[in-house]
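Here is how names work: the chains are called A, B, and so on, in the same order as the sequence lines, proteins then strands, and each is numbered from 1. Nothing here was measured: the structure is a model prediction, and the numbers come from that model.
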Protein chains: 2
Amino acid sequence: MVKPKQQNEAGGAEQRRLQMVDIARLAGVSVSTVSRALNGSELVNAETRQRVAELARSLNYSINFGARNLRLQENKTVAVVVPYDAKSRQHISDPFFLSIVGSIADALTDRGYDMLLSRVDAEHLDLASHWFDSGKAIGLVLIGQWRHHDQLNEMAARKLPLVVWGGEMPQQLYCSVGGDNVLGGTLATRHLLQLGRRRIAFVGDAQLPEVWLRRQGYCQALREAGVDIDPSLELPAPFEPGVASGVLRDFCAARRDFDAVVCCSDVLALLTIQALRAAGRRVPDDVAVIGYDDMPLAAYCDPPLTTVHQPVAEAGAELVEALLGQLRGERAGLRTMPVYLKLRASAPAAPG
Amino acid sequence: MVKPKQQNEAGGAEQRRLQMVDIARLAGVSVSTVSRALNGSELVNAETRQRVAELARSLNYSINFGARNLRLQENKTVAVVVPYDAKSRQHISDPFFLSIVGSIADALTDRGYDMLLSRVDAEHLDLASHWFDSGKAIGLVLIGQWRHHDQLNEMAARKLPLVVWGGEMPQQLYCSVGGDNVLGGTLATRHLLQLGRRRIAFVGDAQLPEVWLRRQGYCQALREAGVDIDPSLELPAPFEPGVASGVLRDFCAARRDFDAVVCCSDVLALLTIQALRAAGRRVPDDVAVIGYDDMPLAAYCDPPLTTVHQPVAEAGAELVEALLGQLRGERAGLRTMPVYLKLRASAPAAPG
DNA sequence: TTGAAAGCGCTAACAT
DNA sequence: ATGTTAGCGCTTTCAA
């Protein structure tokens with residue numbers, strides 16, 4: 001026989017956690033009746049139901065979900081995983097990712113799900129599958145594809161319930177939800193062209209699918225306008241401020257032959273503005289700058305950022321719906337959400 | 001008899017999840033042996049242990065933690081709860097809170113715990129106890145006290161394993177971990193006084209314990225310097241940018257009789273700078289501004305923010321240690337961590 | 001060294 | 001309308 005250790009025996013801080021059998025005894029009914037009452041079953045006498053419910057509430061009893069889930073073979077927990085760069089030991093602190101997480105939290109709560117939040121080395125996204133394999137979560141939401149489209153495809157092939165925030169890539173087997181990155185890149189670039197700028201730099205690491213797509217949009221807008229694409233104006237800065245800051249300063253110190261910049265995040269835009277000023281150039285007069293994400297702070301920087309607005313609030317709901325759809329057995333589709341350009345002072349509406 | 005529904009029968013997307021009995025059958029041993037092998041028990045033959053472990057790994061088997069926890073009466077999940085303002089429907093998007101959450105996530109992961117993240121109405125912090133009552137989490141970390149010191153005290157009285165990020169208040173029964181708010185307020189104010197400023201405004205909602213303590217520090221520094229405290233220079237702006245922005249613009253439009261501002265967050269500092277500029281005043285020449293938190297972006301604003309640095313990275317570890325200590329039965333103590341002033345351009349080192 | 005069996009807290013089929 | 005009972009996947013005592 002077994003006598004598992006009671007949790008808090010050490011400090012005696014805690015009395016044994018209440019369970020159904022306690023409520024049953026106090027109410028003078030069987031455990032099944034308590035279970036039924038608490039689950040609002042019609043099978044139990046209304047008066048009894050009332051009495052049991054009140055007793056439970058007054059004693060602060062709340063059902064043991066571990067046991068319930070085991071019995072029911074169900075689980076209402078979703079793992080949300082934020083990749084981080086293990087090499088640079090930099091944690092993702094970009095406000096955009098954090099906003100997305102918040103938005104997912106809301107969407108899950110609305111639907112009665114719990115959210116397990118964790119980080120994973122961006123080089124081993126597949127380690128995230130452990131949440132599912134161990135039964136701790138019924139599915140995964142991954143924030144960003146990073147450099148491992150391949151791993152994500154393998155995870156999908158393994159039939160892992162998975163949704164990724166990111167862009168649509170060729171040969172993609174996994175379900176993704178993301179903003180329209182190509183459009184975002186185009187809108188930003190087109191606006192700068194309309195301002196009369198012709199030497200437009202692009203800041204972002206095109207190894208990342210989302211950035212790669214934005215770059216497509218950037219190139220497309222340049223071609224439309226008959227402006228030559230100059231690869232030397234492309235700066236592969238990572239999202240981490242610590243690294244990007246140096247890269248940008250070097251670039252701005254070395255070159256003055258550009259009059260606008262498209263950045264792949266608002267934080268990068270901020271860093272770019274700093275670097276430009278350090279190099280003695282004015283924003284937006286000498287160089288217009290456009291960010292990406294429209295983070296809450298974007299309106300409050302100086303100058304306020306013109307930026308591509310991403311639908312953060314809707315994103316959480318979309319991601320969660322996509323995951324739950326998959327669990328219902330629906331085909332895992334891709335979803336691209338609209339984005340728009342938010343005009344502010346860093347690249348104003350009127351030329352000059 | 002019972003036949004619980006299998007999870008993914010609908011789409012047929014998923015095969016039955018592997019369990020110990022499957023491994024046992026394939027390895028030609030009993031379930032107990034598999035259990036022992038996987039837990040590295042000395043009781044099982046080294047060769048068998050090896051074989052079972054390899055089999056499990058090759059099949060991507062991973063133990064069902066729900067069942068294990070039920071059997072063992074243990075749980076390695078901690079709930080982290082971020083309050084939000086239900087009235088204004090504003091979610092906390094302050095980078096500082098999100099950084100703290102990240103730091104807690106790391107600390108929990110290091111110690112082998114999982115993190116359940118959720119939000120709660122700041123008016124009903126006590127609802128967070130549901131995570132514990134339901135057995136979903138062994139304890140709670142709450143980010144901020146907000147206006148409900150009382151509720152937190154009640155939760156502690158109920159013997160809920162709870163740690164709160166926040167300040168030390170009189171009559172406090174619950175365990176808190178926080179930066180030294182009084183010191184932070186003092187350091188900021190003292191620095192402004194050293195710059196020769198005498199009319200120093202204070203921006204923050206003193207109904208919140210942390211802000212209240214910072215205000216103590218502010219008042220103390222003023223008294224030290226023999227400067228009168230002018231209550232009309234105290235502006236009770238909330239942390240939500242949407243609301244605070246308007247309040248600050250009105251204030252800066254109406255008054256020019258101040259030459260410095262102590263803000264209770266970096267976001268508030270940013271908003272203050274915006275409002276000052278809109279009113280035609282220069283930062284730091286006309287008005288020096290000091291923020292609070294030292295969020296990652298603080299160095300990259302314009303001007304870069306002089307701010308009170310909070311020990312975010314250490315905070316996660318402290319919070320988690322405090323919680324685990326409580327679970328071990330140790331006295332729930334209060335912990336105040338050092339802060340320091342990070343000098344940047346919004347209130348520079350040298351006067352004038 | 002291994003297996004059989006009990007039981008963690010809960011739900012539901014089956015009895016009454 | 002309520003009680004009895006089996007069993008969800010696991011660990012561990014007990015027996016061999």
Worksheet entry | Euclidean distance, atom CE of residue Met20(B) to atom P of dA4(C) [Å, nearest integer] | 16 Å

Please list every donor-acceptor pair under 3.5 Å in which a side-chain atom of residues 35-42 of chain B meets a protein atom from a residue at least two apart or in another chain.
unit_1   : atom_1 : unit_2   : atom_2 : d
Asn39(B) : OD1    : Arg68(B) : NH2    : 3.2
Asn39(B) : ND2    : Ser35(B) : O      : 2.8
Ser41(B) : OG     : Leu43(B) : N      : 3.0

Practice prompt. Would you kindly give the CG-to-C1' distance between Leu70(B) and dC8(D), to the nearest whole Å?
Written response: 9 Å

Fill in: Which residues share a side chain to side chain donor-acceptor pair (under 3.5 Å) with Gln171(A), sequence neighbours left out
none

Fill in: Rounded distance (Å) that lies between atom P of dC10(C) and atom CD of Glu74(A)
15 Å

Worksheet item: Tyr174(A) and Gln145(A): side-chain donor and acceptor closer than 3.5 Å?
Response: yes

Discussion item. Tell me every residue that passes side chain to side chain donor-acceptor pair (under 3.5 Å) with Glu154(B), counting only those two or more places apart in sequence or in another chain.
Written reply: none

Worksheet, complete the sentence: Sorted by chain and residue number, the side chain to side chain donor-acceptor pair (under 3.5 Å) partners of Ser99(A) (sequence neighbours excluded) come out as none

Worksheet item: Tell me: CZ of Arg17(A) to P of dG9(C), nearest whole Å?
Response: 10 Å

Discussion item. Measure CG/Leu72(A) against P/dC10(C) and give the value in whole Å, please.
Written reply: 12 Å

Worksheet entry | Test: Arg17(A) cationic atom under 6.0 Å from Phe132(B) six-membered ring centre, within 45° of axis | yes

Worksheet entry | Rounded interatomic separation in angstrom, taking CD from Gln73(B) and C1' from dC10(D) | 12 Å

Worksheet item: What residues in residues 42-66 of chain A put a non-hydrogen atom under 4.0 Å from any atom of DNA chain C?
Response: Tyr61(A), Ile63(A), Asn64(A)

Item to complete: Could you list the residues that satisfy salt bridge (charged side-chain N to carboxylate O under 4.0 Å, His left out) with Glu321(B), not counting sequence neighbours?
Response: Arg111(B), Arg328(B)

Worksheet entry | Arg57(B): partners by salt bridge (charged side-chain N to carboxylate O under 4.0 Å, His left out), with sequence neighbours left out | none

Worksheet item: Can you name the residues that form a side chain to side chain donor-acceptor pair (under 3.5 Å) with Glu314(B), not counting sequence neighbours?
Response: none

Worksheet item: The side chain of Ala67(A) lies closest to which of these nucleotides: dC8(D), dC10(C), dT11(D)?
Response: dC10(C)

Discussion item. Any residue in residues 21-40 of chain B with a heavy atom nearer than 4.0 angstrom to DNA chain C? Just list them by number, or reply none.
Written reply: Val29(B), Ser30(B), Ser32(B), Thr33(B), Arg36(B)

Worksheet, complete the sentence: Gln19(A) CD to dC8(C) C1', in whole Å, measures 9 Å

